[in-house]
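Below is one structure, written out as structure tokens; comments come after it.
For this chain, numbers begin at 1 and follow the sequence in order. Worth knowing before you read on, the calculation uses all heavy atoms, side chains too, and leaves out hydrogens, waters and symmetry mates. Note that the structure is a prediction, hence the values are computed from the model and not measured.
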Amino acid sequence: MIPWIVLDTAKIPGGGELRLKQRGSEFSIMLGSNELMNSRLSGSEEALAKLAHDRIGGRSKPKILIGGLGMGFTLRAALALFGKDARIVVAELLPEVVEWARGPMAELSFASLDDPRVEVVVGDVGKLIRDGAGAYDAILLDVDNGPEGLSRDANDSLYNYTGLYAAKTALKPGGVLTVWSQGPDKSFSRRLHESGFVTGEVKVRASTKGSGARHVIWVAANGGAKGARKA
């Protein structure tokens, strides 16, 4: 069997370290003993973009914010789905992850980062959300293993009431927030509802072949309601 080789590491602000590993043509991003991403499993990341497109794909000049570049599967799917008039902003906290996408994992992204519709921001997606009142038609979040921060405690601020209020404020009326998770989370579903989103949960397979683990994607529409709870 071909052994895994560690290609690079990246320090996470606040603690922890990501490791980029390769075995033949397969890549893996690890946090300790937890595998956050694997190049063989892109189905649910692609579904994150498709479910957003299903809601707002007919809009003219849509602006989409993707939180977390990862291996580029969500971005690649978004570019394939949205038209030439779309603008897609990708926020990635770690510059090393962007370097990996341009370097050893370039074949996975199909040069997505060089598409003229794409703007890459190295920084916290939470800040872009907070600074972007009414700016986005869709916000796609895949910054951790789900609504409970695994790689970084600060990620929790995206999924609490304050973070959801900010996301709702950043969306245009009828815009959509899609959130990837490794599994279900009843508390997060409740927070979405109490924050004024019209929500649904979709279970999708990790693999594009329709096999493997099932992940969860929340599809939360902004109905434009006022008075969402802040906490």
In terms of heavy-atom contacts, Glu201 and Ser189 come closest through OE2-OG, 2.5 Å

Closest non-hydrogen atom pair, Val216 against Lys203: CG2-CG, 4.3 Å

Is there a chain of hydrophobic side chains (I, L, V, M, F, W, Y, each step under 4.5 Å between heavy atoms) that links Val202 to Val198? no

Please list, chain by chain and in numerical order, all residues satisfying ring-ring contact (aromatic ring centres under 6.0 Å, His included) with Phe82, sequence neighbours excluded. His53

Contacts table for residues 127-139: side-chain donor-acceptor under 3.5 angstrom, sequence neighbours left out:
unit_1, atom_1, unit_2, atom_2, d
Lys127, NZ, Asp131, OD2, 2.6
Arg130, NH1, Gly126, O, 3.3
Asp137, OD1, Arg59, NH1, 2.7
Asp137, OD2, Lys63, N, 2.8
Asp137, OD2, Lys172, NZ, 3.3

Would Ile5 end up clustered with Ile29 when hydrophobic side chains under 4.5 Å apart are linked, directly or stepwise? yes

Partners meeting salt bridge (charged side-chain N to carboxylate O under 4.0 Å, His left out) with Lys21 (sequence neighbours left out): none

Please name all residues satisfying side chain to side chain contact (heavy atoms under 4.5 Å, CB included) with Glu26, sequence neighbours left out, ordered by chain then number. Trp4, Arg23, Asn38, Ser39, Arg40

Check: Leu31 and Ile12 side chains under 4.5 Å, non-hydrogen atoms: yes

Partners passing side chain to side chain donor-acceptor pair (under 3.5 Å) against Arg190 (at least two apart in sequence or in another chain): none

Residues passing the side chain to side chain donor-acceptor pair (under 3.5 Å) test with Arg102, sequence neighbours excluded, are Asp114

Could you report the tightest heavy-atom contact between Thr199 and His193, atom names first, then the distance? CG2-N, 4.3 Å

Check the pair Asp142, Phe73 against side chain to side chain contact (heavy atoms under 4.5 Å, CB included), reporting the backbone distance first and the verdict last. CA-CA 11 Å; Asp142 182 9; Phe73 295 131; over 6 Å; no

Here the pair of heavy atoms bringing Val143 nearest to Gly68 is CG1-N, 3.9 Å

Mind checking the CG-OG1 spacing from Leu48 to Thr74? Nearest 0.5 Å is all I need. 4.5 Å

Donor-acceptor pair, distance only, cut-off 3.5 Å: does the side chain of Asn34 make one with the backbone of Leu36? no

According to ring pair (Phe, Tyr, Trp, His ring centres under 6.0 Å), does anything in residues 167-190 pair up with another residue at least two apart or in another chain? List the pairs. Tyr159-Phe188, Trp180-His215, Phe188-Trp218

Validation: residues 84-94 side-chain donor-acceptor distances under 3.5 Å, sequence neighbours left out:
unit_1, atom_1, unit_2, atom_2, d
Asp85, OD2, Lys61, N, 2.8
Arg87, NH2, Glu119, OE1, 2.4
Glu92, OE1, Leu69, N, 2.9
Glu92, OE2, Leu94, N, 3.1

What pairs meet the salt bridge (charged side-chain N to carboxylate O under 4.0 Å, His left out) rule with one or both residues in residues 173-184, with sequence neighbours excluded? none

Quick check on the hydrophobic clustering: are Phe110 and Leu41 connected, directly or via other members, by side-chain heavy-atom contacts under 4.5 Å? no

So which pairs with a foot in residues 104-113 pass side chain to side chain donor-acceptor pair (under 3.5 Å), sequence neighbours left out? none

Would you call Glu96 and Leu20 a side-chain contact if the rule is heavy atoms closer than 4.5 Å? no

Could you grab the distance from atom OG of Ser195 to atom CG of Asn160, nearest 0.5 Å is fine? 9.0 Å

What distance separates Thr169 OG1 from Leu164 CG, expressed to the nearest 0.5 Å? 10.5 Å

Would you find a donor on one side and an acceptor on the other, under 3.5 Å apart, between the side chain of Arg19 and the backbone of Gly32? yes

So which heavy atom on Leu7 is nearest to which on Pro104, and how close? CD1-CB, 3.9 Å

Smallest heavy-atom separation, Ala52 atom then Leu140 atom, equals CB-CD1, 3.8 Å

When clusters are formed by joining ILVMFWY residues with side-chain heavy atoms under 4.5 Å apart, either directly or through shared neighbours, do Leu18 and Met30 land in the same one? no

I'd like to check the side chain to side chain donor-acceptor pair (under 3.5 Å) partners of Arg76; sequence neighbours left out, ordered by chain and number. Glu46

Quick one: do Leu75 and Leu113 satisfy side chain to side chain contact (heavy atoms under 4.5 Å, CB included)? Show the steps, please. CA-CA 8 Å; Leu75 173 60; Leu113 296 180; 3.8 Å; yes

Measuring from atom CE of Met37 to atom OG of Ser28, what distance do you get when rounded to the nearest 0.5 angstrom? 8.5 Å

Quick note, ring pair (Phe, Tyr, Trp, His ring centres under 6.0 Å) partners involving residues 90-109, not counting sequence neighbours, are none

Leu141: which of Ile217, Leu177, Leu65 passes side chain to side chain contact (heavy atoms under 4.5 Å, CB included): Leu177

